[in-house]
A.B. asks: 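Once you've had a glance at the structure underneath, I'll fire off some questions.
This one's a predicted model, so the numbers in the text were calculated from it and none came from an experiment. By convention in this document, chain letters (A, B, ...) are assigned in the order of the sequence lines, proteins followed by strands, and residues within each chain are numbered from 1.
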Amino acid sequence: MTTPTVDRPAAYRRTHHCNELRLDHSGATVTLAGWVNSYRDHGTGLVFIDLRDREGLTQVVFDKADASDELLSAADKLRSEDVIAVSGTVRKRDGGPNPKLATGEVEVVASTLSVLNKAKTPPFQPSETEGLPNEELRLKYRYLDLRRPKMQKILRTRHRVTKLARDYFDENGFIEVETPILCKSTPEGARDFLVPSRLTPGEWYALPQSPQLFKQILMVSGADRYLQIAKCFRDEDLRADRQPEFTQIDLEMSFVTREDVIEVMEGFVRRLWGDVLGYEVPTVQRMTYREAMDDYGIDRPDLRYDLKLHDISDLAAKTDFKVFTGALGKERGVVKVICVPGGAEKLTRKITDGYSEWVKTFGAGGVPTTKVGVDGSLEAGIGKFIDSIAKDLVERVGAKPGDQLFFGADTYATCSKALGELRQKIARDMGMIDESKWAFVWVEDFPMFEYDEETKRFYAMHHPFTAPNPDQVEAFLAADPGDRETIEGIVSAGYDIVCNGSEIGGGSIRIHDSRVQTKVFELLGISPQEAKEKFSFLMDALQFGAPPHGGIAFGLDRLVMHLAGTDNIRDVIAFPKTQTGADVMSDAPSAVDETQLAELFVKNLPVPTK
RNA sequence: GGGGCGGUAGCUCAAUUGGUUAGAGUCCCGGACUGUCGAUCCGGUGGUUGCGGGUUCGAGUCCCGUCCGCCUCGCCA
């Protein structure tokens with residue numbers, strides 16, 4: 001830490017920070033400044049202070065043998081979180097070292113004390129390492145919470161990640177460009193945050209859900225390789241890993257294929273994990289979306305453990321078990337199974353009943369189960385209904401005596417979702433997850449479109465600018481919009497990178513051909529007029545010489561969560577929002593003055609009372 | 001919009017089946033103490049049990065509503 005020493009009162013002209021002094025400094029005269037982390041007052045005559053700054057702790061001692069009565073009585077009054085500066089001499093501790101502190105061999109014998117700012121008694125002590133107060137209080141007094149070493153460490157990790165991003169991508173020819181925060185609202189995707197325009201009453205800006213369109217335009221502009229640490233805004237409900245404003249490490253590259261993007265990004269991930277955690281990321285394996293859904297029931301599989309889903313629809317069809325045959329009678333009906341090694345003993349009836357209830361939240365009817373007996377037969381649960389296929393089933397999934405089987409029987413989508421979620425829950429419950437492991441995987445070959453039964457239309461699975469895989473372009477352009485099967489079979493040039501079951505980045509090769517873009521809009525039910533109105537700038541740009549291009553965006557918050565070892569996104573954001581989108585420290589959002597609204601020609605509607 | 005959990009002293013928590021004056025640790029205040037490092041010891045202050053109703057002789061406890069926080073489904077890439 002370098003601090004200018006000119007034009008500052010001598011009292012807090014620091015010579016060292018609080019994690020710096022060692023035995024080598026013995027005899028030196030030093031000045032430290034910081035917060036009173038704790039005090040140990042032995043009465044008139046001897047007072048110990050642990051002084052804290054960003055870097056660490058140093059013990060300061062006020063001793064009658066070396067200090068005036070005035071100094072001692074001042075030290076006597078010190079309390080937690082007072083801001084002080086101390087000058088004195090470094091010496092080896094009289095009372096023996098404290099192995100818990102990096103500076104534990106020494107202490108500073110105070111000769112002067114300046115109380116720079118007396119603190120009110122804080123509602124909680126940043127020095128407490130256990131028994132944290134509830135999160136709402138931490139958020140309300142965020143400045144106290146952030147003083148905690150653990151939070152300081154996370155802030156640093158986050159800084160390190162953005163610094164590494166800038167360094168790494170700079171080395172690889174990327175330039176950082178800022179894109180607007182006040183943007184045009186576009187259809188598709190999440191709900192926009194809107195900002196009224198004072199200069200053109202009745203019109204609105206939208207905050208960007210991502211810099212997607214601008215970064216593509218930058219490619220058309222010849223930027224070639226673009227990087228931005230970009231704030232993004234989505235007005236949707238929050239989750240443990242989702243905030244309404246979040247940050248992406250956003251990138252785009254020209255004249256590249258999917259392989260080029262993956263190579264550069266993998267290098268970034270390797271640099272991050274290597275520099276921050278000292279972990280060497282091996283070549284990241286690849287998996288198609290189809291494989292991910294078939295084997296893991298989710299498009300972001302956690303590969304730290306196995307526990308795959310097996311399709312046994314063909315076997316299930318041979319039974320008279322109505323749950324199975326009923327499901328197979330549905331459109332795209334399947335029967336799948338998870339085999340839990342040793343589950344028969346560990347998973348009690350109470351637990352398996354709980355699973356059955358739990359999967360209902362994902363739309364499944366329940367989760368039939370049975371266990372494998374010592375002779376390989378199926379015992380208990382639904383065993384007796386599917387006895388006829390027991391042998392083939394056990395062989396198919398490689399089940400052993402003592403294993404527990406969980407079945408899903410429903411449409412492919414519902415069955416995958418329910419068993420995919422159950423797979424993760426069982427792994428957690430049975431302690432099958434090796435927390436020291438890092439399992440990365442690229443998921444690729446996503447379908448371009450998903451059909452929604454309710455609205456009877458297609459939606460872009462990624463976003464509407466994702467290109468079809470190169471080998472699919474002709475088939476795509478030729479496809480009949482009414483031919484659902486063909487359309488759903490078109491695979492995109494998109495890719496997601498997944499770490500331990502969480503999506504940390506996603507991107508695609510973009511459409512640079514306006515014929516393809518027009519066709520995508522047609523399929524999404526965006527009329528040529530609407531496309532022109534909403535996206536004409538992009539459509540125009542694509543016609544003025546757009547290079548082939550593609551990119552990716554990493555979720556910075558999620559990256560830092562992994563690197564910091566937390567599962568709470570609020571921990572990695574200095575000033576996060578609660579689940580209702582509130583900042584409890586500053587009390588945003590809040591009502592505004594009527595005159596402010598009038599100036600914007602905006603009026604509040606009455607909120608319906610429930 | 002739906003489901004679940006929680007809200008008791010500044011903080012972390014306890015309070016039996018609905019039962020007397022709602023307790024403990026910590027913080028804070030006062031006192032003692034020269035080698036602590038979660039200092040120790042003695043004493044003390046501190047409560048609208050989130051809020052509003054209801055049931056009851058009696059409610060922190062039961063019921064209804066509401067607010068706030070967390071988790072989650074839908075939503076979101």
Side-chain angles (χ1 to χ4, degrees), chain A residues 37-50 57-67 72 77 79-81 93-101 103-104 107 109 120-141 144 188-192 209-210 212 232-244 246 248 299-300 357-364 417-418 421 425 443 446 450 454 459-463 466 494-496 498 502-508 552-555 558 567-568 570 577-580 582 584 609-610:
Chain A
N37 191 67
S38 60
Y39 65 95
R40 293 177 291 279
D41 182 359
H42 287 243
T44 47
L46 186 65
V47 177
F48 296 100
I49 296 290
D50 284 345
L57 294 172
T58 299
Q59 173 165 289
V60 177
V61 60
F62 298 86
D63 190 334
K64 200 173 190 174
D66 318 271
L72 270 165
K77 294 190 183 74
R79 290 296 177 269
S80 293
E81 302 311 307
R93 289 190 181 204
D94 263 6
N98 180 353
K100 291 179 193 166
L101 299 185
T103 60
E107 62 190 2
V109 187
K120 278 177 66 176
T121 302
F124 61 91
Q125 307 268 344
S127 56
E128 291 276 347
T129 48
E130 283 167 36
L132 270 182
N134 75 59
E135 201 179 355
E136 195 180 355
L137 198 77
R138 289 174 53 204
L139 292 175
K140 183 170 178 188
Y141 298 94
L144 297 179
E188 299 288 305
R191 192 177 294 114
D192 283 327
Q209 296 180 22
S210 79
Q212 184 61 36
C232 305
F233 306 86
R234 291 175 191 166
D235 189 6
E236 297 292 346
D237 286 3
L238 284 73
R239 285 287 186 285
D241 63 350
R242 251 163 44 192
Q243 284 270 303
F246 59 100
Q248 289 186 341
D299 61 359
R300 44 180 174 84
E357 279 306 304
W358 187 72
V359 297
K360 287 177 185 171
T361 60
F362 304 104
K417 174 83 181 165
E421 295 290 339
K425 184 166 176 61
V443 179
F446 288 85
E450 270 179 313
E454 274 187 28
Y459 284 87
M461 191 148 187
H462 189 57
H463 55 60
T466 302
Y495 33 80
D496 281 358
V498 173
S502 101
E503 185 202 319
I504 55 171
S508 62
I552 194 167
F554 283 92
R558 288 188 191 166
D567 52 10
N568 177 351
R570 293 176 299 278
K577 304 220 173 4
T578 67
Q579 204 157 51
T580 53
V584 290
T609 43
K610 282 163 265 177

A.B. asks: With a 4.5 Å cut-off on side-chain heavy atoms, are A:Thr361 and A:Glu421 touching?
C.D. replies: no
A.B. asks: Quick one: which of B:C28, B:C68, B:U34 gets closest to the side chain of A:Leu46?
C.D. replies: B:U34
A.B. asks: Would you measure the distance from the C1' atom in B:C13 across to the matching atom in B:G47 and give it in whole Å?
C.D. replies: 15 Å
A.B. asks: Could you give the distance from CZ (A:Arg191) to CD (A:Gln209), rounded to the nearest 0.5 Å?
C.D. replies: 10.5 Å
A.B. asks: Planes under 30° and centres closer than 5.5 Å, is that true for A:His42 with the base of B:A39?
C.D. replies: yes
A.B. asks: Would you indicate what A:Tyr141 reaches in the nucleic acid, counting non-hydrogen atoms under 4.0 angstrom: base, sugar-phosphate, or nothing?
C.D. replies: nothing
A.B. asks: Any donor-acceptor pair under 3.5 Å joining the side chain of A:Arg570 to the base of B:G69?
C.D. replies: no
A.B. asks: Please report, rounded to the nearest Å, how far the P atom of B:G35 is from the CZ atom of A:Arg40.
C.D. replies: 13 Å
A.B. asks: Taking atom C1' in both B:A24 and B:C67, what distance in whole Å separates the two?
C.D. replies: 30 Å
A.B. asks: Can you tell me how far apart CD (A:Glu236) and CD (A:Gln243) are? Round to the nearest 0.5 Å.
C.D. replies: 14.0 Å
A.B. asks: Are OP1 or OP2 of B:U12 and a side-chain N or O of A:Asn134 less than 4.0 angstrom apart?
C.D. replies: yes
A.B. asks: Quantified in whole Å, what is the P atom distance between nucleotide B:U45 and nucleotide B:C37?
C.D. replies: 29 Å
A.B. asks: Suppose we call a contact any N or O donor and acceptor under 3.5 Å apart; does that hold for the side chain of A:Arg93 and the base of B:C37?
C.D. replies: yes
A.B. asks: By nearest atom, which of the nucleotides B:G35, B:C75, B:A39 is closest to the A:Gln59 side chain?
C.D. replies: B:G35
A.B. asks: Atom NZ of A:Lys360 to atom C1' of B:G3: distance rounded to whole Å?
C.D. replies: 14 Å
A.B. asks: Using a 4.0 Å heavy-atom cut-off, does A:Arg79 contact any base of the nucleic acid, only the sugar-phosphate backbone, or nothing at all?
C.D. replies: sugar-phosphate
A.B. asks: For A:Glu357 and B:C73, give me the distance from atom CD to atom P, rounded to whole Å.
C.D. replies: 17 Å
A.B. asks: Please find the pair of heavy atoms, one from A:Thr103 and one from A:Leu57, that lie closest to each other, and give the distance.
C.D. replies: OG1-O, 2.5 Å
A.B. asks: Taking the P atom in each of B:G69 and B:U36, what is the distance between them to the nearest angstrom?
C.D. replies: 46 Å
A.B. asks: Please report the distance, rounded to the nearest Å, between NZ in A:Lys417 and C1' in B:C75.
C.D. replies: 11 Å
A.B. asks: Provide the closest heavy-atom pair for A:Glu107 versus A:Phe48 in the form atom of the first, atom of the second, distance.
C.D. replies: OE1-CE2, 4.2 Å
A.B. asks: Contact class for A:Ser210 vs. all strands (heavy atom < 4.0 Å): base, sugar-phosphate, or nothing?
C.D. replies: nothing
A.B. asks: On RNA chain B, check which nucleotide each of A:Glu236 and A:Leu139 is closest to and give me the residue with the more 5' one.
C.D. replies: A:Leu139
A.B. asks: Quick one: are A:Phe246 and A:Arg558 in side-chain contact, heavy atoms under 4.5 Å?
C.D. replies: no
A.B. asks: Does A:Leu137 reach a base, just sugar-phosphate, or nothing at all? Heavy atoms under 4.0 Å.
C.D. replies: sugar-phosphate
A.B. asks: Say you draw a straight line from OG of A:Ser38 to CZ of A:Arg79; how long is it, rounded to the nearest 0.5 Å?
C.D. replies: 12.0 Å
A.B. asks: With a 3.5 angstrom cut-off on both distances, give the Watson-Crick or G-U wobble partner of B:C76, or none if there isn't one.
C.D. replies: none
A.B. asks: Between B:A77 atom P and A:Asp237 atom CG, what is the distance in whole Å?
C.D. replies: 13 Å
A.B. asks: By nearest atom, which of the nucleotides B:G35, B:U72, B:U12 is closest to the A:Glu107 side chain?
C.D. replies: B:G35
A.B. asks: With respect to the side chain of A:Pro133, which nucleotide from B:A77, B:C11, B:C70 is positioned closest?
C.D. replies: B:C11
A.B. asks: So A:Gln243, base contact, sugar-phosphate only, or nothing? Heavy-atom distance under 4.0 Å.
C.D. replies: nothing
A.B. asks: Has A:Thr580 got a side-chain N or O lying under 4.0 Å from the OP1 or OP2 atom of B:G69?
C.D. replies: yes
A.B. asks: Does the distance from a Lys or Arg side-chain N to an Asp or Glu carboxylate O, for A:Arg300 and A:Asp496, drop under 4.0 Å?
C.D. replies: no
A.B. asks: By nearest atom, which of the nucleotides B:G38, B:U12, B:A77 is closest to the A:Lys100 side chain?
C.D. replies: B:G38
A.B. asks: A:Ser80 has a side chain; which of B:C75, B:C37, B:C28 sits nearest to it?
C.D. replies: B:C28
A.B. asks: When you measure from the side-chain N and O atoms of A:Tyr459 to the phosphate of B:C75, is any distance below 4.0 Å, counting only OP1 and OP2?
C.D. replies: no
A.B. asks: Please report the distance separating the C1' of B:G25 from the corresponding atom of B:G46, rounded so that it comes out in whole Å.
C.D. replies: 15 Å
A.B. asks: Measure from the side-chain heavy atoms of A:Asp299 and tell me the nearest of B:G69, B:A39, B:A77.
C.D. replies: B:A77
A.B. asks: I want to check one thing: is the phosphate of B:C28, taken as OP1 and OP2, less than 4.0 Å away from some side-chain N or O of A:Thr121?
C.D. replies: no
A.B. asks: Give one of base, sugar-phosphate or nothing for A:Gly45, where a contact means two heavy atoms less than 4.0 Å apart.
C.D. replies: base
A.B. asks: Sort out the partner of B:C62 for me: Watson-Crick or G-U wobble, both distances under 3.5 Å, none otherwise.
C.D. replies: B:G54
A.B. asks: Between the base of B:C75 and the side chain of A:Arg242, is one N or O donor paired with an acceptor at under 3.5 angstrom?
C.D. replies: yes
A.B. asks: What is the distance, to the nearest angstrom, from the CZ atom on A:Phe362 to the P atom on B:U72?
C.D. replies: 10 Å
A.B. asks: Atom NZ of A:Lys64 and atom P of B:U36: how far apart are they, to the nearest Å?
C.D. replies: 19 Å
A.B. asks: When the C1' atoms of B:A77 and B:C63 are compared, how many Å lie between them, rounded to an integer?
C.D. replies: 44 Å
A.B. asks: How is A:Glu136 classified with respect to the nucleic acid when contacts are heavy atoms under 4.0 Å: base, sugar-phosphate, or nothing?
C.D. replies: sugar-phosphate
A.B. asks: Counting the atoms with a prime plus P, OP1 and OP2 as sugar-phosphate, which does A:Gly96 contact under 4.0 Å by heavy atoms, base, sugar-phosphate, or nothing?
C.D. replies: base
A.B. asks: With rounding to the nearest 0.5 Å, note down the distance linking CG in A:Asn98 to CZ in A:Arg93.
C.D. replies: 5.0 Å
A.B. asks: What nucleic acid atoms does A:Glu135 come within less than 4.0 Å of, heavy atoms only: base, sugar-phosphate, or nothing?
C.D. replies: sugar-phosphate
A.B. asks: Mark yes or no for a side-chain to base donor-acceptor pair under 3.5 Å between A:Gln125 and B:G38, with no hydrogen or angle criteria applied.
C.D. replies: no
A.B. asks: Partner lookup for B:C70, please. Criteria are Watson-Crick or G-U wobble with both distances under 3.5 angstrom; report none if nothing qualifies.
C.D. replies: B:G4
A.B. asks: At under 4.0 Å between heavy atoms, what does A:Asp63 touch on the DNA or RNA strands: base, sugar-phosphate, or nothing?
C.D. replies: base
A.B. asks: If I pick the P atom on B:A32 and the same atom on B:G7, what distance separates them, to the nearest angstrom?
C.D. replies: 41 Å
A.B. asks: Are the ring of A:Phe48 and the six-membered base ring of B:U36 within the stacking cut-offs of under 5.5 Å and under 30°?
C.D. replies: yes
A.B. asks: In this structure, how many angstroms lie between the C1' atom of B:U72 and the CH2 atom of A:Trp358, rounded?
C.D. replies: 10 Å
A.B. asks: In whole angstrom, give me the gap between the C1' atoms of B:G58 and B:G65.
C.D. replies: 23 Å
A.B. asks: Start at the 5' end of RNA chain B and walk down; is the nucleotide closest to A:Val584 or to A:Asp496 reached first?
C.D. replies: A:Val584
A.B. asks: If the test is side-chain contact (heavy atoms from CB on, under 4.5 Å), which one of A:Val60, A:Asp50, A:Ile49 qualifies with A:Tyr39?
C.D. replies: A:Ile49
